[in-house]
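Quantities reported herein were computed from a predicted structural model and do not represent experimental measurements. Scope of the values below: all heavy atoms of this structure, side chains included, with no hydrogens, waters or symmetry mates.
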Amino acid sequence: TAAPTTTAVPTTTAVPTTTAAPTTTAVPTATVRTTTTIVPTAPSSSSIISETGELLAGGTLGASWPTGQGRGWSVRFVDDSYRITADPGAGMIWGYRTLDRADVTISVDVSIDRSANAGLLLRYDDSSNYVSFLIDPTTGDYRVIERQNGTATVIVEGTSAAVRGTTVRVVAQIRDDVLRIAAGEANLGRYSLSNASNSSRFGMVVLARESTATAQFRALQIREIK
């Protein structure tokens with residue numbers, strides 16, 4: 001198995017670098033694609049996504065994760081947390097690693113200093129093709145966005161008390177074109193994606209709203225699906 005690679009923030013080229021500028025793509029306001037819901041209502045907490053699969057190489061946080069900064073953004077590892085700071089208008093700011101497979105369970109603890117979107121970056125191919133699972137812990141809002149060839153579709157969006165809090169653990173499991181998401185002690189559903197890429201790049205992402213926001217990510221675990 002090849003060693004994982006790292007990338008600080010996205011580029012518009014196929015091969016990322018550690019000093020690239022962030023994207024300027026804002027979260028879309030597209031209508032929720034309700035027809036893709038496999039389970040239309042959130043199941044009980046008894047069916048929370050399992051986090052018992054084997055940890056993958058590169059699937060935890062450490063000093064080897066990418067760092068960098070530019071105008072309106074920074075990505076850094078401090079103590080035990082991965083911190084992403086974004087200014088309004090800076091776009092989606094992320095850090096990710098390349099693993100050895102495209103089907104994984106990924107989870108992380110998220111905290112943020114003000115209202116903003118923060119969460120997981122899934123199967124990042126390039127800035128025009130990826131899936132993101134975003135939450136706002138200050139409001140309880142969440143959404144999943146699938147971007148294909150530059151076109152964004154909101155797969156689901158909603159509000160849950162499980163998403164609101166000082167620190168919220170988010171979990172996503174992606175297998176083929178099926179995505180399961182959970183937060184806190186609540187399963188937020190199981191959804192079908194149109195044609196998600198087979199990229200093995202996964203990470204974390206932040207999108208600021210009206211003011212500069214810093215999100216801290218801790219206890220990242222990227223595991224095989226068991």
Side-chain angles (χ1 to χ4, degrees), residues 27-28 30-56 59-61 94 96 99 101-112 115-124 130-147 152-197 200 202-207 215-226:
V27 170
T31 303
V32 177
R33 197 174 64 197
T34 54
T35 57
T36 63
T37 306
I38 298 173
V39 180
T41 57
S44 67
S45 59
S46 62
S47 57
I48 283 294
I49 300 168
S50 171
E51 294 186 61
T52 58
E54 183 179 350
L55 275 170
L56 300 178
T60 58
L61 287 174
W94 51 56
Y96 62 80
L99 303 176
R101 66 196 68 193
D103 291 350
V104 303
T105 298
I106 177 172
S107 57
V108 73
D109 292 339
V110 182
S111 60
I112 199 160
S115 182
N117 292 116
L120 297 171
L121 182 70
L122 312 171
R123 289 194 183 168
Y124 174 83
Y130 60 88
V131 177
S132 58
F133 170 28
L134 301 169
I135 69 168
D136 184 342
T138 69
T139 64
D141 295 337
Y142 66 90
R143 61 171 53 185
V144 172
I145 302 164
E146 182 179 13
R147 184 173 291 277
T153 301
V154 177
I155 302 300
V156 64
E157 61 184 357
T159 302
S160 170
V163 177
R164 187 181 297 112
T166 304
T167 300
V168 178
R169 188 157 189 83
V170 293
V171 186
Q173 183 180 93
I174 188 166
R175 187 201 300 265
D176 298 326
D177 285 338
V178 175
L179 174 68
R180 297 176 63 198
I181 57 172
E185 295 300 319
N187 192 325
L188 299 178
R190 183 169 176 256
Y191 306 95
S192 176
L193 304 172
S194 290
N195 188 24
S197 80
S200 58
F202 294 88
M204 294 147 287
V205 61
V206 172
L207 177 72
Q216 297 191 53
F217 301 90
R218 293 183 172 90
L220 173 72
Q221 296 182 352
I222 308 178
R223 298 177 176 270
E224 67 175 7
I225 297 175
K226 186 174 181 179

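Annotation: the span from I222 atom CD1 to S200 atom OG amounts to 10.0 Å, rounded to 0.5 Å. Once rounded to the nearest 0.5 Å, the distance linking CG of L120 with CD1 of I135 reads 8.5 Å. Here the OG1-CG distance, from T166 to D109, works out to 12.0 Å after rounding to the nearest 0.5 Å. Taking OH of Y96 as the reference point, atom OH of Y130 lies at 12.0 Å (rounded to 0.5 Å). One distance of note links OG of S197 with CZ of R147; it measures 13.5 Å at 0.5 Å rounding. Of the inter-residue distances, the one linking L122 atom CG with I174 atom CD1 reads 5.5 Å to the nearest 0.5 angstrom.
In this structure a side-chain-to-backbone donor-acceptor pair under 3.5 Å is present from R169 to A219. No side-chain donor-acceptor contact under 3.5 Å links S132 to the backbone of L134.
Here the closest heavy-atom approach between residue L188 and residue A183 is recorded as CD1-CB, 4.0 Å. Of all heavy-atom pairs between E146 and V131, the closest is CG-CG2, 4.1 Å. Of all heavy-atom pairs spanning N187 and I48, the tightest one is N-CD1, 3.5 Å. Nearest heavy atoms, I112 versus P137: CG2-CD, 3.7 Å. Nearest approach of M204 to L61, heavy atoms of both residues: CE-CD2, 3.8 Å. Scanning all heavy atoms of the two residues, the minimum distance from S115 to T139 falls at OG-CG2, 4.3 Å.
Here the side chains of V170 and I181 are not in contact, with every heavy-atom distance at 4.5 Å or above. In this structure the side chain of V144 reaches within 4.5 angstrom of the side chain of L179, judged on heavy atoms. With contacts defined as side-chain heavy-atom distances shorter than 4.5 Å, the pair Y142/E157 does not qualify. Within the 4.5 Å cutoff, the side chain of I106 has heavy atoms near those of the L220 side chain. Contact annotation: the side chain of V163 never approaches that of D141 to less than 4.5 Å [non-hydrogen atoms, C-beta and beyond]. V206 is listed as a side-chain neighbour of F217, based on a closest heavy-atom distance under 4.5 Å.
Residues satisfying the side chain to side chain donor-acceptor pair (under 3.5 Å) test with T105, not counting sequence neighbours, are Q173. With sequence neighbours excluded, the residues that form a side-chain contact (heavy atoms from CB on, under 4.5 Å) with T60 are L55.
Screening R123, R223, R175, K226 against D103 for a salt bridge (Lys or Arg N to Asp or Glu O under 4.0 Å) leaves a single residue, R123.
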